[in-house]
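Just so it is clear, the values below take in all heavy atoms, side chains as well, and ignore hydrogens, waters and symmetry mates.
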Amino acid sequence: MRRCRVFAVLLLSHYAHAVTLDVARLPGPVFADGEVSADAALPAGRTNDLRTFRLEMTFEATPSNNVEAAFGRDCLPADGLRAAGETDFIIGWDCGEWFLRPRGLRERYAFSPAAPNGTRTLTAIIRVSAQGVPQPPVFRDGGADFAFPGLSLTPFPDWLKPGLWTHLRVTARGADAPGESVKAVFAPGGASIFIR
């Protein structure tokens, strides 16, 4: 029994090293289009033994609202803000569909779920091998996996490599308040459970 307790403590301490950024709820809008955004620096230590990146976005979807998360690098001058030219990609919801826009913002990939309104949760997961090689991402709408039609991930694009991002910007716009919750998790190596 003592060996089981030691194993459980080691397993829990392993998970304690995940680095999480819970983005604060956005303030009320001051512009007529309802747009509001906030920048956040990604936490220090997030790339230490990085094996899994997970983004979770939950909000109230309506035909008019938009909620998005933009990841990128704060380049020179480093001002703590993620400008358009520093964007690696934007992912989110726009008027009834999930969308993804890669670096350069010239391309747009979209997926329309069957029921576009109500509480929605997007989960994006990128696993990284022990050799530091990112694996193709998994996108989930609630509990159902989906793909962005036309999005090529071979070779794996630099703009989707979690270890390169330094900042995140969350933006909401539209007539309806989204009540958004956004969380980015950078987790170290996975766990193994052995039963003997």
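With T166 contributing its side chain and D74 its backbone, the two residues share a donor-acceptor pair below 3.5 Å.
Residues R120 and P113 share a closest heavy-atom pair of NH2-CB, 3.6 Å.
Residues satisfying the side chain to side chain donor-acceptor pair (under 3.5 Å) criterion with T154, sequence neighbours excluded, are absent altogether. Taking N117 as the reference, P63 meet the side chain to side chain contact (heavy atoms under 4.5 Å, CB included) condition, with sequence neighbours excluded. Annotation: ring-ring contact (aromatic ring centres under 6.0 Å, His included) contacts of F148 (sequence neighbours excluded): F139, F146. Residues meeting the ring-ring contact (aromatic ring centres under 6.0 Å, His included) test with F53, sequence neighbours left out: F71, W165, F186. When the salt bridge (Lys or Arg N to Asp or Glu O under 4.0 Å) test is applied to E180, no partner is found at least two apart in sequence or on another chain. For E68, the side chain to side chain contact (heavy atoms under 4.5 Å, CB included) partners at least two apart in sequence or on another chain are N66, I90, F99, T171, R173. In this view, R54 and E56 satisfy the salt bridge (Lys or Arg N to Asp or Glu O under 4.0 Å) rule, not counting sequence neighbours. The side chain to side chain contact (heavy atoms under 4.5 Å, CB included) check on N48 picks up nothing, with sequence neighbours excluded. For S152, there are no side chain to side chain contact (heavy atoms under 4.5 Å, CB included) partners two or more places apart in sequence or in a different chain. Checked against side chain to side chain donor-acceptor pair (under 3.5 Å), R46 has no partners two or more places apart in sequence or in another chain. Not counting sequence neighbours, the partners of R108 by the salt bridge (Lys or Arg N to Asp or Glu O under 4.0 Å) test are D94, E97. Scanning for salt bridge (Lys or Arg N to Asp or Glu O under 4.0 Å) contacts around D158 gives K161, with sequence neighbours left out.
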